[in-house]
Amino acid sequence: MAAELRLMIPTKESVEPDDRQLVQTIRNGEPEAFEQLVRRKTSKVYSLCYRIIGNAEDAKDISQLVFIKLWENLDKYDAAYAFDTWLYRMVTNVAIDFMRNKQSRDNAVNSNLRLVKTVTDAEQGVVVQRKEIENVFNAVSSVLSPKQKTIFVMREMDDLPSSEIARILGCRESTVRNHLFNARKLMQQQLKKRFPEYSRLWEERT
Amino acid sequence: MITCQAFRSRLEPGSTDVEVLEHLRSCDACLDHALQIDPDNFFRAIGGGELEPPGGVDAFASDVMSQIRMRQTEGSVARRFLIAPRRLAAAAAIVFAIGLSVVVYEKANKTAPVQVAAAARPAQLATKPVVETYDSKDATIVEVPTEGKNDPQVVMIFDESLPADL
(Lines give C-alpha, C1' and ligand atoms only; values in the text may rest on other atoms or scores of the structure.)
Protein backbone atom coordinates (compact mmCIF):
# COMPACT_ATOMS: atom_id res chain seq x y z
CA MET A 1 0.00 0.00 0.00
CA ALA A 2 2.81 2.33 0.92
CA ALA A 3 4.48 1.63 -2.40
CA GLU A 4 1.25 2.41 -4.27
CA LEU A 5 0.89 5.67 -2.41
CA ARG A 6 4.46 6.62 -3.22
CA LEU A 7 3.75 6.06 -6.89
CA MET A 8 0.77 8.39 -6.75
CA ILE A 9 2.77 11.24 -5.26
CA PRO A 10 4.18 13.22 -8.15
CA THR A 11 7.95 13.49 -8.08
CA LYS A 12 9.81 16.73 -8.67
CA GLU A 13 10.83 15.53 -12.13
CA SER A 14 7.29 14.74 -13.24
CA VAL A 15 5.89 18.09 -11.99
CA GLU A 16 8.53 20.41 -13.38
CA PRO A 17 7.85 21.39 -16.97
CA ASP A 18 10.69 21.26 -19.47
CA ASP A 19 12.17 24.46 -20.93
CA ARG A 20 9.84 24.58 -23.94
CA GLN A 21 6.75 24.08 -21.76
CA LEU A 22 7.94 26.78 -19.40
CA VAL A 23 8.43 29.22 -22.26
CA GLN A 24 4.95 28.39 -23.54
CA THR A 25 3.50 29.03 -20.06
CA ILE A 26 5.16 32.46 -19.97
CA ARG A 27 3.86 33.25 -23.44
CA ASN A 28 0.36 32.23 -22.34
CA GLY A 29 0.41 35.10 -19.84
CA GLU A 30 2.02 33.71 -16.71
CA PRO A 31 5.07 35.91 -16.17
CA GLU A 32 5.70 34.25 -12.77
CA ALA A 33 6.97 31.24 -14.69
CA PHE A 34 9.83 33.38 -15.95
CA GLU A 35 11.30 33.49 -12.45
CA GLN A 36 11.33 29.71 -12.48
CA LEU A 37 13.19 29.79 -15.79
CA VAL A 38 15.70 32.30 -14.39
CA ARG A 39 16.37 30.12 -11.35
CA ARG A 40 16.81 27.07 -13.55
CA LYS A 41 19.29 28.70 -15.93
CA THR A 42 21.19 31.08 -13.64
CA SER A 43 24.15 28.79 -12.89
CA LYS A 44 24.53 27.76 -16.52
CA VAL A 45 24.43 31.34 -17.80
CA TYR A 46 26.61 32.75 -15.02
CA SER A 47 29.26 30.01 -15.39
CA LEU A 48 29.66 30.67 -19.09
CA CYS A 49 29.73 34.44 -18.57
CA TYR A 50 32.28 34.12 -15.77
CA ARG A 51 34.59 31.92 -17.82
CA ILE A 52 34.40 34.21 -20.83
CA ILE A 53 34.70 37.47 -18.90
CA GLY A 54 36.87 36.30 -16.00
CA ASN A 55 35.37 38.66 -13.44
CA ALA A 56 32.60 37.74 -11.00
CA GLU A 57 30.87 41.12 -10.79
CA ASP A 58 30.95 41.77 -14.54
CA ALA A 59 29.77 38.21 -15.15
CA LYS A 60 26.84 38.79 -12.80
CA ASP A 61 25.87 42.04 -14.55
CA ILE A 62 26.13 40.41 -17.96
CA SER A 63 24.07 37.42 -16.79
CA GLN A 64 21.33 39.77 -15.60
CA LEU A 65 21.41 41.55 -18.93
CA VAL A 66 21.08 38.19 -20.69
CA PHE A 67 17.92 37.36 -18.71
CA ILE A 68 16.41 40.79 -19.39
CA LYS A 69 17.07 40.31 -23.10
CA LEU A 70 15.62 36.83 -22.81
CA TRP A 71 12.42 38.30 -21.34
CA GLU A 72 12.20 40.92 -24.08
CA ASN A 73 12.77 38.42 -26.88
CA LEU A 74 10.97 35.37 -25.58
CA ASP A 75 8.29 35.59 -28.26
CA LYS A 76 11.02 35.17 -30.90
CA TYR A 77 12.06 31.76 -29.61
CA ASP A 78 11.30 28.98 -32.07
CA ALA A 79 10.38 25.84 -30.14
CA ALA A 80 11.68 23.72 -33.02
CA TYR A 81 15.21 24.39 -31.70
CA ALA A 82 16.75 23.47 -28.35
CA PHE A 83 16.16 26.21 -25.79
CA ASP A 84 19.72 25.99 -24.44
CA THR A 85 21.19 26.59 -27.91
CA TRP A 86 19.08 29.75 -28.22
CA LEU A 87 20.00 30.83 -24.69
CA TYR A 88 23.72 30.20 -25.27
CA ARG A 89 23.54 32.26 -28.44
CA MET A 90 22.15 35.15 -26.43
CA VAL A 91 24.84 34.71 -23.76
CA THR A 92 27.67 34.65 -26.27
CA ASN A 93 26.33 37.68 -28.17
CA VAL A 94 26.04 39.77 -25.02
CA ALA A 95 29.37 38.56 -23.59
CA ILE A 96 31.26 39.09 -26.86
CA ASP A 97 29.83 42.63 -27.16
CA PHE A 98 30.88 43.35 -23.59
CA MET A 99 34.38 41.95 -24.20
CA ARG A 100 34.82 43.96 -27.38
CA ASN A 101 33.96 47.15 -25.54
CA LYS A 102 36.18 46.35 -22.60
CA GLN A 103 39.05 44.42 -24.11
CA SER A 104 41.33 47.28 -25.09
CA ARG A 105 41.09 48.72 -21.58
CA ASP A 106 41.70 45.36 -19.91
CA ASN A 107 44.63 44.47 -22.17
CA ALA A 108 46.55 47.45 -20.88
CA VAL A 109 46.04 46.31 -17.30
CA ASN A 110 46.65 42.59 -17.85
CA SER A 111 49.89 43.08 -19.77
CA ASN A 112 51.45 44.51 -16.63
CA LEU A 113 50.36 41.63 -14.43
CA ARG A 114 52.73 38.85 -13.53
CA LEU A 115 51.49 36.13 -11.27
CA VAL A 116 53.55 35.33 -8.28
CA LYS A 117 53.64 31.65 -7.34
CA THR A 118 52.42 31.10 -3.82
CA VAL A 119 54.66 28.93 -1.74
CA THR A 120 52.56 26.87 0.60
CA ASP A 121 52.77 23.64 2.49
CA ALA A 122 52.36 20.32 0.73
CA GLU A 123 48.67 19.96 1.51
CA GLN A 124 47.65 23.33 0.14
CA GLY A 125 50.08 23.30 -2.76
CA VAL A 126 47.86 21.50 -5.26
CA VAL A 127 44.79 23.58 -4.40
CA VAL A 128 46.72 26.75 -5.01
CA GLN A 129 48.01 25.33 -8.25
CA ARG A 130 44.47 24.75 -9.52
CA LYS A 131 43.50 28.28 -8.57
CA GLU A 132 46.65 29.44 -10.25
CA ILE A 133 45.66 27.76 -13.50
CA GLU A 134 42.53 29.91 -13.43
CA ASN A 135 44.65 33.02 -12.96
CA VAL A 136 47.04 31.93 -15.70
CA PHE A 137 44.09 31.35 -18.01
CA ASN A 138 42.67 34.80 -17.29
CA ALA A 139 46.06 36.34 -18.03
CA VAL A 140 46.99 34.49 -21.23
CA SER A 141 43.48 34.46 -22.69
CA SER A 142 43.50 38.25 -22.80
CA VAL A 143 45.35 37.97 -26.13
CA LEU A 144 42.43 36.10 -27.68
CA SER A 145 39.65 37.84 -29.56
CA PRO A 146 36.28 37.74 -27.78
CA LYS A 147 35.06 35.15 -30.27
CA GLN A 148 38.17 32.96 -29.90
CA LYS A 149 37.87 33.04 -26.12
CA THR A 150 34.16 32.26 -26.22
CA ILE A 151 34.77 29.25 -28.47
CA PHE A 152 37.70 28.05 -26.35
CA VAL A 153 35.63 28.28 -23.15
CA MET A 154 32.65 26.49 -24.66
CA ARG A 155 34.83 23.70 -26.06
CA GLU A 156 37.41 23.15 -23.32
CA MET A 157 35.49 24.13 -20.19
CA ASP A 158 31.86 23.55 -21.03
CA ASP A 159 32.70 20.45 -23.11
CA LEU A 160 30.35 21.43 -25.91
CA PRO A 161 31.01 19.66 -29.22
CA SER A 162 32.18 21.78 -32.16
CA SER A 163 28.91 21.15 -34.01
CA GLU A 164 26.88 22.62 -31.12
CA ILE A 165 29.21 25.62 -30.84
CA ALA A 166 28.76 26.22 -34.57
CA ARG A 167 24.97 26.15 -34.11
CA ILE A 168 25.17 28.59 -31.20
CA LEU A 169 27.38 31.05 -33.04
CA GLY A 170 25.66 30.58 -36.38
CA CYS A 171 28.87 29.66 -38.19
CA ARG A 172 30.45 26.59 -39.81
CA GLU A 173 32.09 23.82 -37.78
CA SER A 174 35.34 24.40 -39.69
CA THR A 175 35.29 28.02 -38.49
CA VAL A 176 34.96 26.82 -34.92
CA ARG A 177 37.90 24.43 -35.37
CA ASN A 178 40.02 27.21 -36.91
CA HIS A 179 39.27 29.53 -34.00
CA LEU A 180 40.15 26.75 -31.55
CA PHE A 181 43.43 26.01 -33.31
CA ASN A 182 44.41 29.69 -33.33
CA ALA A 183 43.33 30.17 -29.71
CA ARG A 184 45.49 27.27 -28.52
CA LYS A 185 48.46 28.54 -30.53
CA LEU A 186 48.16 32.08 -29.20
CA MET A 187 47.77 30.90 -25.63
CA GLN A 188 50.80 28.63 -25.86
CA GLN A 189 52.85 31.55 -27.19
CA GLN A 190 51.68 33.65 -24.26
CA LEU A 191 52.48 30.86 -21.81
CA LYS A 192 55.99 30.53 -23.21
CA LYS A 193 56.48 34.27 -22.88
CA ARG A 194 54.91 34.85 -19.49
CA PHE A 195 54.73 31.48 -17.75
CA PRO A 196 57.61 29.34 -19.10
CA GLU A 197 57.26 26.87 -16.22
CA TYR A 198 53.87 25.83 -17.64
CA SER A 199 54.74 26.06 -21.32
CA ARG A 200 57.26 23.26 -20.74
CA LEU A 201 54.30 20.89 -20.53
CA TRP A 202 53.61 21.39 -24.25
CA GLU A 203 57.27 21.47 -25.23
CA GLU A 204 57.88 18.11 -23.57
CA ARG A 205 55.05 16.56 -25.55
CA THR A 206 56.35 17.86 -28.91
CA MET B 1 32.93 10.04 -9.26
CA ILE B 2 35.25 7.35 -10.59
CA THR B 3 38.30 6.28 -8.57
CA CYS B 4 41.77 7.67 -9.22
CA GLN B 5 42.81 4.26 -10.51
CA ALA B 6 39.93 4.15 -12.99
CA PHE B 7 40.67 7.72 -14.04
CA ARG B 8 44.31 7.01 -14.73
CA SER B 9 43.51 3.91 -16.74
CA ARG B 10 40.78 5.60 -18.79
CA LEU B 11 42.50 8.93 -19.39
CA GLU B 12 43.53 9.50 -22.99
CA PRO B 13 44.67 12.64 -24.81
CA GLY B 14 41.64 14.71 -25.91
CA SER B 15 39.27 12.56 -23.87
CA THR B 16 35.62 13.64 -23.89
CA ASP B 17 34.53 11.00 -21.37
CA VAL B 18 32.22 12.79 -18.95
CA GLU B 19 33.38 10.77 -15.92
CA VAL B 20 37.05 11.27 -16.77
CA LEU B 21 36.54 15.03 -17.17
CA GLU B 22 34.62 15.17 -13.89
CA HIS B 23 37.52 13.50 -12.10
CA LEU B 24 40.06 15.76 -13.80
CA ARG B 25 38.21 18.82 -12.50
CA SER B 26 37.80 17.68 -8.94
CA CYS B 27 40.79 15.51 -7.99
CA ASP B 28 43.92 17.49 -7.21
CA ALA B 29 45.99 14.37 -6.72
CA CYS B 30 45.55 13.32 -10.35
CA LEU B 31 46.19 16.73 -11.90
CA ASP B 32 49.92 16.24 -12.52
CA HIS B 33 49.30 12.86 -14.09
CA ALA B 34 46.58 14.34 -16.32
CA LEU B 35 48.93 17.09 -17.52
CA GLN B 36 51.62 14.55 -18.38
CA ILE B 37 49.15 12.58 -20.50
CA ASP B 38 47.73 15.65 -22.26
CA PRO B 39 48.93 19.22 -21.59
CA ASP B 40 45.62 20.53 -22.95
CA ASN B 41 44.15 19.26 -19.68
CA PHE B 42 45.85 22.28 -18.12
CA PHE B 43 42.95 24.60 -18.99
CA ARG B 44 40.39 21.80 -19.22
CA ALA B 45 40.97 21.20 -15.51
CA ILE B 46 39.33 24.49 -14.52
CA GLY B 47 36.18 23.88 -16.53
CA GLY B 48 33.05 21.92 -15.83
CA GLY B 49 30.76 22.39 -12.88
CA GLU B 50 28.24 25.19 -12.62
CA LEU B 51 29.10 28.29 -10.65
CA GLU B 52 26.75 30.45 -8.62
CA PRO B 53 26.70 34.23 -8.93
CA PRO B 54 27.84 36.27 -5.90
CA GLY B 55 24.95 36.40 -3.42
CA GLY B 56 23.39 33.17 -4.64
CA VAL B 57 20.76 32.16 -7.16
CA ASP B 58 17.76 33.46 -5.14
CA ALA B 59 19.14 36.97 -4.80
CA PHE B 60 20.15 36.95 -8.45
CA ALA B 61 16.69 35.84 -9.63
CA SER B 62 15.02 38.49 -7.43
CA ASP B 63 17.28 41.18 -8.91
CA VAL B 64 16.43 40.08 -12.43
CA MET B 65 12.69 40.06 -11.74
CA SER B 66 12.73 43.48 -10.08
CA GLN B 67 14.66 44.91 -13.05
CA ILE B 68 12.12 43.42 -15.43
CA ARG B 69 9.22 44.89 -13.41
CA MET B 70 10.96 48.26 -13.40
CA ARG B 71 11.42 48.12 -17.17
CA GLN B 72 7.78 47.14 -17.61
CA THR B 73 6.70 50.16 -15.56
CA GLU B 74 9.02 52.45 -17.52
CA GLY B 75 7.66 50.93 -20.73
CA SER B 76 4.03 51.63 -19.78
CA VAL B 77 4.85 55.25 -18.85
CA ALA B 78 6.72 55.68 -22.11
CA ARG B 79 3.76 54.22 -24.00
CA ARG B 80 1.44 56.71 -22.29
CA PHE B 81 3.67 59.55 -23.43
CA LEU B 82 3.76 58.02 -26.85
CA ILE B 83 -0.05 57.92 -27.04
CA ALA B 84 -0.44 61.64 -26.08
CA PRO B 85 1.53 63.00 -29.06
CA ARG B 86 -0.48 60.74 -31.34
CA ARG B 87 -3.70 62.17 -30.01
CA LEU B 88 -2.31 65.69 -30.32
CA ALA B 89 -1.29 65.02 -33.89
CA ALA B 90 -4.75 63.69 -34.73
CA ALA B 91 -6.41 66.74 -33.16
CA ALA B 92 -4.06 69.07 -35.04
CA ALA B 93 -4.87 67.30 -38.29
CA ILE B 94 -8.63 67.73 -37.70
CA VAL B 95 -8.21 71.43 -36.84
CA PHE B 96 -6.06 71.94 -39.92
CA ALA B 97 -8.62 70.20 -42.13
CA ILE B 98 -11.46 72.32 -40.74
CA GLY B 99 -9.43 75.52 -41.17
CA LEU B 100 -8.49 74.60 -44.69
CA SER B 101 -12.09 73.90 -45.66
CA VAL B 102 -13.20 77.27 -44.16
CA VAL B 103 -10.54 79.10 -46.13
CA VAL B 104 -11.50 77.31 -49.35
CA TYR B 105 -15.18 77.98 -48.72
CA GLU B 106 -14.57 81.67 -48.10
CA LYS B 107 -12.36 81.98 -51.13
CA ALA B 108 -15.01 80.33 -53.26
CA ASN B 109 -17.68 82.70 -51.94
CA LYS B 110 -15.54 85.74 -52.64
CA THR B 111 -14.68 84.82 -56.21
CA ALA B 112 -18.15 83.80 -57.35
CA PRO B 113 -19.78 87.31 -57.44
CA VAL B 114 -16.74 88.73 -59.17
CA GLN B 115 -17.07 86.12 -61.89
CA VAL B 116 -20.82 86.81 -62.28
CA ALA B 117 -20.29 90.58 -62.41
CA ALA B 118 -17.54 90.21 -64.94
CA ALA B 119 -19.81 88.10 -67.11
CA ALA B 120 -22.80 90.40 -66.70
CA ARG B 121 -21.07 93.68 -67.60
CA PRO B 122 -20.08 92.88 -71.18
CA ALA B 123 -23.51 91.33 -71.75
CA GLN B 124 -25.13 94.55 -70.59
CA LEU B 125 -22.90 96.59 -72.84
CA ALA B 126 -23.48 94.35 -75.82
CA THR B 127 -27.20 93.78 -75.65
CA LYS B 128 -28.55 96.86 -73.93
CA PRO B 129 -26.85 99.99 -75.27
CA VAL B 130 -27.97 103.32 -73.96
CA VAL B 131 -30.41 104.78 -76.52
CA GLU B 132 -30.22 108.54 -76.64
CA THR B 133 -32.09 109.21 -79.91
CA TYR B 134 -34.75 107.19 -81.68
CA ASP B 135 -36.39 107.81 -85.00
CA SER B 136 -39.03 105.51 -86.55
CA LYS B 137 -42.28 105.91 -88.54
CA ASP B 138 -44.12 102.99 -86.87
CA ALA B 139 -43.03 103.62 -83.29
CA THR B 140 -45.17 104.97 -80.47
CA ILE B 141 -43.09 106.97 -77.98
CA VAL B 142 -44.48 107.71 -74.55
CA GLU B 143 -42.66 109.98 -72.10
CA VAL B 144 -43.44 109.24 -68.43
CA PRO B 145 -43.79 112.51 -66.54
CA THR B 146 -41.31 113.03 -63.68
CA GLU B 147 -42.11 114.36 -60.23
CA GLY B 148 -38.85 116.20 -59.55
CA LYS B 149 -35.86 117.57 -61.40
CA ASN B 150 -33.49 114.87 -60.07
CA ASP B 151 -35.71 111.95 -61.12
CA PRO B 152 -34.60 110.14 -64.25
CA GLN B 153 -36.82 110.56 -67.19
CA VAL B 154 -38.44 107.35 -68.46
CA VAL B 155 -39.33 107.02 -72.09
CA MET B 156 -41.31 103.98 -73.39
CA ILE B 157 -40.94 103.04 -77.07
CA PHE B 158 -43.42 100.66 -78.72
CA ASP B 159 -42.11 99.49 -82.10
CA GLU B 160 -42.90 96.12 -83.76
CA SER B 161 -39.80 96.30 -85.99
CA LEU B 162 -37.41 96.38 -83.01
CA PRO B 163 -35.63 93.15 -81.94
CA ALA B 164 -37.29 91.33 -79.01
CA ASP B 165 -34.33 91.62 -76.61
CA LEU B 166 -33.89 95.37 -76.81
Side-chain angles (χ1 to χ4, degrees), chain A residues 31-32 34-40 42-51 56-57 59-61 63-68 70-72 125-131 133-138 140-141 152-159 161 184 187-188 191 198-206, chain B residues 4 7 11-76 78-79:
Chain A
E32 303 79 30
F34 187 72
E35 191 166 349
Q36 197 182 339
L37 189 68
V38 173
R39 284 175 196 279
R40 186 182 290 182
T42 292
S43 298
K44 202 180 265 283
V45 168
Y46 175 77
S47 304
L48 183 58
C49 284
Y50 176 75
R51 285 175 183 135
E57 282 305 316
K60 187 184 167 187
D61 291 345
S63 305
Q64 286 187 346
L65 190 60
V66 166
F67 283 110
I68 290 165
L70 184 71
W71 167 259
E72 289 170 347
V126 184
V127 178
V128 172
Q129 192 183 21
R130 193 180 286 275
K131 181 68 188 164
I133 294 172
E134 205 175 311
N135 292 335
V136 169
F137 172 72
N138 285 336
V140 297
S141 65
F152 187 85
V153 166
M154 284 198 285
R155 182 72 192 93
E156 300 290 12
M157 297 176 190
D158 273 8
D159 306 325
R184 284 195 186 110
M187 286 171 73
Q188 281 172 27
L191 272 175
Y198 293 117
S199 75
R200 271 186 223 117
L201 290 166
W202 279 268
E203 283 161 13
E204 281 165 14
R205 184 174 65 168
T206 53
Chain B
C4 293
F7 170 75
L11 181 64
E12 288 173 1
S15 175
T16 53
D17 187 325
V18 179
E19 287 180 323
V20 167
L21 289 172
E22 186 196 8
H23 192 98
L24 169 71
R25 284 159 182 163
S26 49
C27 179
D28 295 329
C30 292
L31 192 56
D32 279 342
H33 175 77
L35 294 177
Q36 280 169 5
I37 299 294
D38 183 4
D40 285 343
N41 285 332
F42 184 74
F43 293 124
R44 222 171 271 156
I46 55 171
E50 291 187 347
L51 310 168
E52 279 198 4
V57 175
D58 287 344
F60 178 87
S62 299
D63 281 355
V64 170
M65 293 313 290
S66 62
Q67 281 193 45
I68 285 172
R69 278 184 214 109
M70 200 166 72
R71 283 186 181 224
Q72 278 179 315
T73 314
E74 283 170 1
S76 63
R79 268 196 299 278

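Every chain is numbered from 1, with letters handed out A, B, ... down the list of sequences.
Contacts of B:Glu12 classified as side chain to side chain contact (heavy atoms under 4.5 Å, CB included), with partners at least two apart in sequence or in another chain: none. Looking at residues two or more places apart in sequence or on another chain, you find a salt bridge (Lys or Arg N to Asp or Glu O under 4.0 Å) between B:Arg25 and A:Asp159.
In this structure, B:Phe43 and A:Met187 approach most closely via the heavy-atom pair CE1-CE, 3.4 Å. Residues B:Met65 and A:Phe34 approach most closely at SD-CD2, 3.7 Å, considering heavy atoms.
Within the 4.5 Å cutoff, no side-chain heavy atoms of A:Glu72 are placed close to those of B:Ile68. Put simply, the side chain of B:Gln72 reaches to within 4.5 Å of the side chain of A:Trp71, judged on heavy atoms. For the pair A:Phe67 and B:Asp63, the minimum side-chain heavy-atom distance is 4.5 Å or more.
If you measure heavy-atom distances from A:Ala59 to chain B, you find no contacts under 4.5 Å at all. Only the side chain of A:Tyr50 comes within less than 4.5 Å of a heavy atom of chain B; its backbone N, CA, C and O stay farther away. For A:Leu191, the part lying near chain B is the side chain, with the backbone staying farther off; criterion is any non-hydrogen pair under 4.5 Å. Contacts of A:Val153 with chain B are absent, with no heavy-atom separation under 4.5 Å from either backbone or side chain. Interface residue A:Pro31: only backbone heavy atoms are found under 4.5 Å from chain B.
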Could you go through residues 50-59 of chain B and list every donor-acceptor pair under 3.5 Å that involves a side-chain atom there, pairing it with any protein atom two or more places apart or in another chain?
residue, atom, partner, partner atom, Å
B:Asp58, OD1, A:Arg39, NH1, 2.3

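Below 4.5 Å, heavy atoms of chain A meet heavy atoms from B:Thr16, B:Leu21, B:Leu24, all part of residues 16-24 of chain B.
The distance from atom CD1 of B:Ile46 to atom CE of A:Met157, rounded to the nearest 0.5 Å, is 3.5 Å. Between atom CZ of residue B:Phe60 and atom CD of residue A:Gln64 there is a gap of 5.0 Å, rounded to the nearest 0.5 Å.
The candidate with the highest count of non-hydrogen atom pairs below 4.5 Å against chain B, out of A:Arg155, A:Glu57, A:Glu156, is A:Glu156.
Here the two rings, on A:Tyr198 and B:Phe42, have centers that are under 6.0 Å apart.
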